[in-house]
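Counting convention: from 1, in listed order, for ligands and their atoms alike.
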Amino acid sequence: MVIGSGAREHALAWKIAQSPNVTELYVAPGNVGTAAIARNLNIRPNDIEALAKAAQDIGIDLTVVGPEAPLASGIVDHFEHLGIPIFGPTKAATRIESSKVFAKKLMQKYAIPCPKGVTFSNYAEGKKYLESQPVPIVVKADGLAAGKGVIVAGSRGEALKALSDILEAKIFGSAGDSVVIEECLTGREVSLLAFTDGKTVVPMVPACDYKRIFDNDQGPNTGGMGSYSPPGFFDAKLTQRVMETILKPAVRAMANEGIPYKGVLYAGLMIASDRPKVLEFNARFGDPETQAILPRLQTDLVDILLAVIDNRLGEATIKWTDDACVGVVMASAGYPGNYKTGFPITGLNNLDKDILVFHAGTKLGDNSQVYTDGGRVLTVTTTGKNMAEARAKVYQNLPHIHFDGCHYRKDIAAREVN
Ligand code: AMP
Ligand code: GLY
């Protein structure tokens, strides 16, 4: 059973469905894309008790959690307590994502490279500190804020406003009881995700994502408008460096703190002069990185997930293709602000064979017509023997898909081929 309803979860279900170990596959709640390869269960990702009951009633052998919210609410603890196998970190271990203060203190204590940062829960103290710091500067709400809790402030005024919005006006509620004020880094951003059973750490292939809505990184932040793998500059040596200085030390640090970490550990990195530093940890598969990473995975994903759960990741071999993969998100007009849904999507059957369409906000109407049902609607993905080929294929096929007001970025992976 896969928990979640986005394109990340469709990609997970797509890969899991290929496993010879799988006889039945469920997605809760899923979307139109997952319904074609699995059975959708009408249960919300935050309804942990209902998910556990469904897992018991159906006899689910393995559950994989997509989004962070159920992890942060303790879905893994609940399932483990009931003896239901589940892939992901416990509530305490998910703190590496759900509390930026926790993550920063962990990195500082164990000398894991990260931007200089100081924690505040008092506005006046935070203000005094801000006034002593250069700009730009970054203000981060401690808790989960649906991807909106990080403000990269270009001026002191903007930083002070963010501080006051979070600590005084409580725009993120209790997620803003404290903040981290952080040095602003420049460089290239890369996501390196790893599987870990708490002891062995195995990296996936690196990926880049695009957070802004418009080309050339203009406009507001979104849940992600596209991704690709691999970034050309991020070679095996850099992966090794991130493994030795960041991912392995983080997993060891968690064990040392008495909070064993199992699942996917996602390092959001800034790289300047070959020196990677951690902008954030996530406790799960990334979205949209997963849509560009899993098509490159040769190994049976179910074997990997079970090896993690059973603490035998050290025995697993994980293989990747040398292909390049590009995924472009098609979004509704107005996203990430207000948008309308319910528009028919055409052209889905009019694509080249090797185009993968991972659904996110989609819904089935009468006579099998697919309709838009969210801000991010589809991730259109393909692989190629190099980035230029993958990118050309995706962009040749995208115009075949249409819905009213559809928007996608034209520059995903462009920097890799120009
Ligand atoms: P996060 O939600 O932590 O991934 O932050 C969102 C985005 O803010 C990141 O993808 C970066 O582009 C940016 N960001 C976060 N922290 C920093 C930092 N210390 N310096 C520069 N940019 C940052
Ligand atoms: N791609 C960013 C995230 O999954 O949080």
Side-chain angles (χ1 to χ4, degrees), residues 4 6-9 11-12 65-69 71-72 88 94 96-104 107-108 112-119 133-154 158-159 162 166 172 175-176 179-193 204 206-213 217-229 231 263-272 275-294 327 329 336 358 360 376 379 412:
R8 165 183 54 201
E9 287 76 15
L12 283 165
V65 187
E68 61 276 18
L71 293 169
T94 301
I96 204 159
E97 169 169 3
S98 66
S99 169
K100 296 204 188 279
V101 172
F102 174 87
K104 180 62 80 184
M107 289 187 275
Q108 287 169 341
I112 296 170
C114 63
K116 186 178 90 170
V118 186
T119 299
Q133 294 300 305
V135 287
I137 193 157
V138 185
V139 181
K140 299 185 171 186
D142 175 47
L144 296 178
K148 299 199 171 75
V150 173
I151 294 94
V152 181
E158 204 184 327
I166 297 171
F172 302 124
V179 298
V180 176
I181 300 180
E182 195 170 275
E183 166 197 12
C184 188
L185 300 182
T186 51
R188 291 198 58 178
E189 264 189 86
V190 175
S191 308
L192 189 66
L193 287 67
M204 301 187 205
C208 287
D209 75 345
Y210 289 78
K211 289 197 164 78
R212 305 296 188 107
I213 184 76
D217 296 330
Q218 302 296 307
N221 268 324
T222 69
M225 292 302 292
S227 70
Y228 67 86
S229 171
V264 168
L265 182 60
Y266 163 142
L269 305 165
M270 188 73 89
I271 324 267
R275 293 159 63 91
K277 292 186 179 173
V278 179
L279 297 184
E280 62 164 348
F281 281 120
N282 289 323
R284 52 176 172 78
F285 287 95
D287 187 344
E289 288 93 331
T290 302
Q291 297 91 297
I293 290 174
L294 290 184
V329 171
F358 295 124
R376 289 190 300 164
T379 308
I412 305 301

Which residue and atom name correspond to the protein heavy atom nearest [atom], and how close is it?
{"atom": "atom 2 (O) of ligand 1", "value": "Val150 CG2, 3.4 Å"}
{"atom": "atom 13 (C) of ligand 1", "value": "Val152 CG2, 3.9 Å"}
{"atom": "atom 17 (C) of ligand 1", "value": "Leu279 CD2, 3.6 Å"}
{"atom": "atom 20 (N) of ligand 1", "value": "Leu185 N, 2.9 Å"}
{"atom": "atom 19 (N) of ligand 1", "value": "Glu182 OE2, 2.8 Å"}

[X] versus [Y], closest heavy-atom pair with distance:
{"X": "Arg376", "Y": "Gly223", "answer": "NH1-O, 2.9 Å"}
{"X": "Ala11", "Y": "Leu294", "answer": "O-CD1, 3.7 Å"}
{"X": "Ile412", "Y": "Met225", "answer": "CD1-O, 3.9 Å"}
{"X": "Gly226", "Y": "Pro288", "answer": "O-CG, 3.5 Å"}
{"X": "Asn221", "Y": "Pro336", "answer": "O-CG, 3.5 Å"}
{"X": "Lys148", "Y": "Ile151", "answer": "O-CD1, 4.3 Å"}

At less than 4.0 angstrom from any non-hydrogen atom of [X], what atoms of ligand 1 do you find?
{"X": "Glu183", "answer": "18 (C), 19 (N), 20 (N)"}
{"X": "Lys100", "answer": "3 (O)"}
{"X": "Glu189", "answer": "9 (C), 10 (O), 11 (C), 12 (O)"}
{"X": "Pro115", "answer": "19 (N)"}

- Message: Evaluate Glu280 against Tyr266 for side-chain contact (heavy atoms from CB on, under 4.5 Å), listing each step before the verdict.
- Response: CA-CA 8 Å; Glu280 62 164 348; Tyr266 163 142; 4.1 Å; yes

- Query: side-chain contact (heavy atoms from CB on, under 4.5 Å) between Glu97 and Asn282: does it pass, once the steps are laid out?
  - Reply: CA-CA 5 Å; Glu97 169 169 3; Asn282 289 323; 3.2 Å; yes

- Message: Against ligand 1, does Cys184 come closer than 4.0 Å with any heavy atom?
- Response: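 Flag set, Cys184 near ligand 1.
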
- Item | Closest to atom 16 (N) of ligand 1 (judged by heavy-atom distance), picking from Lys140, Glu280, Glu97 |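 Residue with the shortest heavy-atom distance to the ligand atom: Lys140.
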
- Item | Over 12 foreign heavy atoms within 6.0 Å of CZ, Arg188 |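 It does: Arg188 CZ has more than 12 such atoms within range.
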
- Between Ser98 (side chain) and Gly143 (backbone), is there a donor-acceptor pair under 3.5 Å? no

- Task: Taking the side chain as every heavy atom from C-beta outward, state whether Lys104 and Glu182 have any pair of such atoms under 4.5 Å apart.
- Result: yes

Check: every ligand 2 N/O to protein N/O pair under 3.5 Å:
from, atom 1, to, atom 2, distance (Å)
ligand 2, 1 (N), Asp209, OD2, 2.8
ligand 2, 1 (N), Tyr266, OH, 3.4
ligand 2, 1 (N), Asp287, O, 3.0
ligand 2, 1 (N), Glu289, OE1, 2.7
ligand 2, 1 (N), Glu289, OE2, 3.2
ligand 2, 4 (O), Arg284, NH1, 3.0
ligand 2, 4 (O), Asp287, N, 3.0
ligand 2, 4 (O), Asp287, O, 3.4
ligand 2, 5 (O), Asn282, ND2, 3.3
ligand 2, 5 (O), Arg284, NH2, 2.8

